[in-house]
Every structure is written in structure tokens, then in C-alpha cells.
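As C-alpha cells, the structure follows; a few thoughts come after it.
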Amino acid sequence: MTPASPLKHTARDWILFLVLLTVGAWARLANLERTGIRTVDEGSYCFFAIGVLQGAKGCIQDKPGQALLLAAGFTLLGISQYAALQTQAMMGIAALPALYWLGLGLGSKRAAVTLMAAGAFLPYLLLYHRSAASDSNAFFFAVLALGFFLRATETHLKSSSQSGRRWLAACGFSFGLAATVNLASIPTFGVTAAFLVLLGRWRGRGLADILQGPAVLAAFWAAGVAAVELPFASFIDFPKVWGQVVGHAGQILETGPQWGWAAHLWRFTGPVELGFALFGLVGLRKWWRTPCALFPLLLVTLTAFYARAELSLPRLHLPLLLAILPLMALGLDGPLDRLQHLLRHRMPAFAGRVMAAALFLVLHTADARHIASFDSGYPEACSWLARSMSPEEQGVSTHSFWTFSAFTGRLFRPGSDRLAEALNAADWERELFPRLQNFQDKGFSYLALDYLLFNRLQAAGIEHLGQWVRRYPPDRHGGVAVPNPVAGEFQTWAEDGLTPPLDREPLSHWIYIYRISDLLSGMERKRGSASVPED
């Protein structure tokens with residue numbers, strides 16, 4: 001199979017396209033106002049974006065492109081958690097036509113429909129199209145880049161031609177944009193550039209001609225990075241950004257093989273999609289030595305790369321979909337062709353496309369409804385704190401301090417380590433009191449606790465935390481307990497790496513907020529009453 005130019009579309013084709021776009025938009029927008037920011041990285045990107053709008057120099061410490069996308073969303077929609085997720089959702093909706101276009105590059109309208117339908121409800125994409133994390137946006141730009149690559153390498157367009165070079169330039173530029181959003185796109189870019197050399201060898205072209213393609217890719221990759229980062233260089237703390245790069249690279253390259261990637265693919269992609277991708281690999285001989293051979297090479301390389309992650313976070317493995325989804329679309333051709341043969345070619349081609357679309361929508365309709373039902377307590381918690389705190393007051397929190405700082409307008413600092421050190425001790429109340437006193441002495445007036453504290457707690461610490469909130473209910477100590485059911489979702493706590501499974505731990509379903517002075521007073525009263533001898 002070789003890629004073909006965009007095929008002529010009928011009215012029925014466009015109706016099917018609009019149906020898929022509509023259901024995909026619903027899955028990304030439904031009940032979005034309830035979802036909220038729910039993980040550490042999401043909150044940090046929002047905090048960086050708000051810093052850009054406030055003119056804070058050097059405020060971006062990681063993923064500059066993601067922070068700038070959110071800043072653009074805040075400019076258009078106002079500053080809120082809902083606005084951040086709306087921005088992400090709109091990027092997610094745009095990813096569906098991009099997948100369709102990539103499918104056309106694979107050679108058929110059926111492949112285009114398959115990719116778009118699979119992307120509409122696929123949990124792996126929905127989870128990140130409904131969050132402020134950077135991974136889904138990098139995926140979008142990488143899908144565009146791969147679509148440009150297929151156009152550049154079509155049989156009637158040589159990459160050395162002027163038209164081919166324009167497509168390659170667009171490919172490199174898109175990969176450059178993706179790199180500013182999330183550096184996880186760089187391995188895909190590297191494999192694509194290397195494959196271009198291999199494809200040139202297969203076509204018998206000379207060395208000088210072969211090297212033109214990667215040179216164009218590299219030049220415009222750099223242009224894509226520069227287009228984002230140079231105009232906003234004063235807002236980017238480059239040493240900290242580079243430190244993040246080195247740290248993540250070390251986690252991947254210095255560790256041995258892990259198996260979380262396989263579990264995440266099975267859970268968030270699904271066995272049917274993976275099965276069709278396997279069919280695609282088995283049928284590789286059909287498109288060997290064509291541009292479609294990029295995808296098995298990409299799958300092998302990315303699996304080897306991302307399977308070496310010390311922290312096996314679900315989002316780390318999202319780039320594998322860049323190989324799996326095209327292979328899935330190619331693998332579906334065999335069973336549908338067989339069905340066409342069994343029906344003696346009586347099934348219209350359009351009916352085959354409708355069947356493919358229906359299959360992938362039905363597979364994940366329940367998943368889409370469940371993901372759309374996520375209910376986060378962070379919007380309510382931040383609103384309560386913004387109302388309760390005076391403008392000059394500050395707070396202390398777990399690692400979610402980015403989120404509280406971004407959406408309360410008050411400064412929050414991390415306190416997980418000191419709190420956990422006290423809670424892990426046998427006499428936890430005695431250890432906790434001076435730490436809370438120290439927070440107050442440093443000018444912190446409010447304390448916000450959420451599931452992220454579990455990252456630092458031992459079994460005894462978890463038990464002591466339960467005793468804490470029972471002995472000192474937040475609503476009796478100047479605070480509030482906000483329901484946060486999204487913390488019990490597998491993907492939420494799995495994104496923070498060290499957090500143990502908390503879906504059955506009731507304390508993981510709340511955000512606890514205290515006024516520190518009231519909490520200290522309550523602890524002193526309990527101490528005093530305990531010291532009075534009984535008659």
C-alpha cells in the first residue's frame with residue numbers, strides 16, 4: 001500500500017466526518033466545568049501561563065509551548081480552571097481532523113475514518129484532551145507532522161522536488177512546535193528523519209539528494225522551536241527548563257526495562273485496537289519499502305525508548321499511539337477486505353467505513369461517558385480559599401501548591417515533606433504541632449491537603465492522617481472539607497508516580513483545608529483537656 005493524495009469526497013463522506021467530529025467534540029466538552037485541574041503538572045503549566053500574562057520574567061520552568069498555549073487560552077477565555085480545560089479540549093477537537101488527514105495519507109478514506117473514529121472516544125486521548133497536561137498537544141502537532149511527512153513522500157512527489165521540500169519543511173516545523181510543548185516528541189522526529197534516509201536508499205537516490213530531506217527537517221525543526229521560544233525568551237527560565245530535560249532523560253536512559261507501558265496501552269487503548277495494530281504488523285509486506293514502513297519502525301523504537309522509564313506514568317507512553325493508530329488503521333484493511341470477499345463484493349465501500357466508525361465508537365462509549373463524569377474538588381477549593389483569604393495572606397499545601405497559587409491569587413508553598421515526616425512518627429501529634437507553628441511563624445495562614453500527601457506517607461502515616469481529620473475536622477478549625485472524587489481515579493493517582501492505589505482509600509476523595517491558627521488552637525485545647533486529671 002502506498003500513500004495517496006487526498007481522495008475525492010462525496011456528501012455522505014462529509015456527513016460521516018461531521019458526525020465523528022460532533023461526537024468527538026461532545027466527549028471533550030461534556031461536563032468539562034466539573035473536571036478541574038487534578039494533577040501536579042497541570043497546575044504548574046497553568047501557574048506559568050498566568051505568570052506570562054502578569055509579565056513575570058523567567059516564570060516558565062518547563063514545557064514553554066504548553067504554558068504559552070494556556071496563556072493564549074486565558075487571554076481569550078479568562079483565567080479559570082475551566083478556561084484551561086476548554087483550551088485543551090479545543091486542541092483535542094482539532095486533533096480529530098488531523099487524524100483524519102493522516103489517514104488519508106495512509107491511502108484510503110477508510111483509514112481516515114478509522115483513525116478519526118478511534119480518536120473520538122479513545123480513553124488515552126480523552127484523558128489528556130480533558131486535562132491541562134502537555135502530552136495531548138504534543139500529540140496533535142506530531143500527528144500533523146506525520147501527515148506532512150506522508151505528503152512529502154508520496155510516489156508522485158519526490159522529497160527533492162520543490163513541493164516535496166515544502167511538505168518536509170511543514171513536517172519539521174510541526175515537530176519543532178511539538179518539542180516546545182513536550183520533549184517526548186523528539187524521538188518521533190529522530191526516527192522520522194532517519195527513516196527518510198532509509199527511504200531515499202530504497203529509492204536508489206544519491207547521497208547528496210538523500211541528505212537534503214533530513215537537512216530540511218532539521219532546519220525547520222529549529223525554526224519551529226525558535227518561533228515559539230525566541231519571542232517569549234524573557235519569560236522562560238532556560239536553566240530550569242534544561243534541568244527538567246536532563247532529569248527526565250536520565251530517568252529514561254539510566255533505568256532498565258519497565259512494563260507499565262504495556263498495562264497502560266491495554267487499559268487506555270484497548271485490546272481490539274492493539275489487535276488490529278498487530279494485524280497491521282503482520283501485513284507489513286503489503287507496504288514494505290513504502291512511507292508506511294515508518295510506523296512499525298516507529299513502534300519498535302518508541303517502545304524501546306519509553307519502556308525505560310523509572311516512573312511509569314501513563315502520559316509517558318502516549319507517543320506510542322503515533323505508531324499504533326496508523327498500524328491499526330492499516331491492519332483493519334485485511335478483515336474488512338475479507339468480509340467484502342465473503343459478501344461477494346456486495347458491501348459498498350461507504351458501508352465499510354460506517355462499520356469501522358461504529359466499531360470504534362461503540363468500543364469506548366462507556367469509557368467516554370465515565371471520563372466525562374469526572375468531578376474534581378479543585379475549582380471549589382480554590383474558590384473557597386480565594387474568598388476566605390485576605391490578599392496578603394499565604395498558604396502551604398502538598399505538591400498541588402501550583403494549582404492553589406494559580407487559581408486563588410495567593411502564594412502557596414509546598415509542605416508535603418515536613419507534614420509527612422511528622423505523620424510518619426509514632427507520636428504524630430507531638431511532631432506535627434511545632435511544624436504547624438513554624439508554618440504560621442513564616443506567615444502561612446492556611447493549609448490545604450489533598451491526595452498528593454500520600455506520596456510521602458508510610459502505612460502508619462496514612463493511619464495517622466485519618467486520625468488527624470477525625471480528631472480535627474476542617475469545618476471546626478476554620479476550614480472546609482471539599483469532595484474530590486477524581487482523586488480516586490486510577491489515571492489521576494497513577495500520573496503522580498509514587499502515589500499508591502487509592503481508589504478504595506476514603507481519605508483520597510477529599511481536599512482538607514484548615515486555618516492554621518484555628519488548628520493550632522484546637523490542638524492546644526485537646527492537649528490541655530488531656531492533661532487535666534480525671535476525678
Side-chain angles (χ1 to χ4, degrees), residues 1-3 95 98-99 101-107 111 114-115 118-119 122 124-125 135-136 138-154 159 167-168 170-172 174-176 178-179 182-202 213-214 217-218 221 252-253 257 261-262 264-265 268-269 273-274 276-309 315-332:
M1 180 180 293
T2 57
L99 284 168
W101 190 62
L102 176 61
L104 292 178
L106 294 176
T114 298
L115 282 178
L122 195 72
Y124 228 145
L125 293 179
D135 307 81
S136 62
F139 177 85
F140 166 72
F141 288 115
V143 167
L144 284 182
L146 292 173
F148 290 134
F149 178 82
L150 291 179
R151 267 61 184 191
T153 54
E154 287 172 357
S159 60
W167 287 119
L168 283 180
C171 173
S174 295
F175 270 129
N182 193 312
L183 290 169
S185 64
I186 291 181
T188 304
F189 167 72
V191 173
T192 304
F195 178 76
L196 188 60
V197 174
L198 181 61
L199 190 62
R201 294 280 297 181
W202 285 343
L217 282 178
W221 180 90
I252 292 174
L253 299 177
W261 62 274
H264 295 154
L265 285 177
F268 298 131
T269 302
E273 289 85 351
L274 296 178
F276 281 123
L278 181 60
F279 286 154
L281 284 173
V282 171
L284 178 61
R285 64 184 184 277
K286 295 180 181 179
W287 54 84
W288 182 246
R289 291 179 176 265
T290 74
C292 289
L294 168 65
F295 298 108
L297 178 63
L298 196 59
L299 178 61
V300 171
T301 307
L302 292 183
T303 300
F305 187 80
Y306 289 112
R308 296 179 60 86
R315 63 179 179 267
L316 287 180
H317 307 128
L318 184 67
L320 290 170
L321 293 186
L322 295 168
I324 289 172
L325 291 182
L327 285 172
M328 178 200 72
L330 294 170
L332 185 62

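Everything numeric here is computed off the predicted structure, so don't read it as measured data. Along the sequence shown, residues are numbered consecutively beginning with 1.
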[Y] and [X], any side-chain heavy atoms less than 4.5 Å apart:
| X | Y | value |
| --- | --- | --- |
| Phe148 | Leu168 | no |
| Leu122 | Leu325 | yes |
| Ile324 | Glu273 | no |

From [X] atom [atom1] to [Y] atom [atom2], the distance as rounded to the nearest 0.5 Å:
| X | Y | atom1 | atom2 | result |
| --- | --- | --- | --- | --- |
| Leu115 | Trp101 | CG | CH2 | 13.0 Å |
| Leu321 | Thr269 | CG | OG1 | 4.5 Å |
| Asn182 | Leu318 | CG | CG | 9.0 Å |
| Phe195 | Trp202 | CZ | CH2 | 5.0 Å |
| Phe139 | Leu320 | CZ | CG | 11.0 Å |
| Leu99 | Leu125 | CG | CG | 7.0 Å |

Over all heavy atoms of both residues, which pair between [X] and [Y] is shortest? Give the atoms and the distance, please.
| X | Y | answer |
| --- | --- | --- |
| Pro214 | Leu196 | N-CD2, 3.7 Å |
| Ala329 | Thr114 | CA-CG2, 3.9 Å |
| Leu102 | Gly147 | CD1-N, 3.7 Å |
| Phe149 | Cys171 | CB-SG, 3.9 Å |
| Met328 | Ala118 | CE-CB, 3.6 Å |
| Ala138 | Ala178 | O-CB, 3.8 Å |

Distance-only donor-acceptor hits, side chain of residues 294-304, under 3.5 Å, sequence neighbours excluded:
from	atom 1	to	atom 2	distance (Å)
Thr301	OG1	Leu297	O	2.9
Thr303	OG1	Leu299	O	2.7

Any chance you could lay out the side chain to side chain contact (heavy atoms under 4.5 Å, CB included) test for Asp135 and His317, step after step, and finish with the verdict? CA-CA 10 Å; Asp135 307 81; His317 307 128; over 6 Å; no

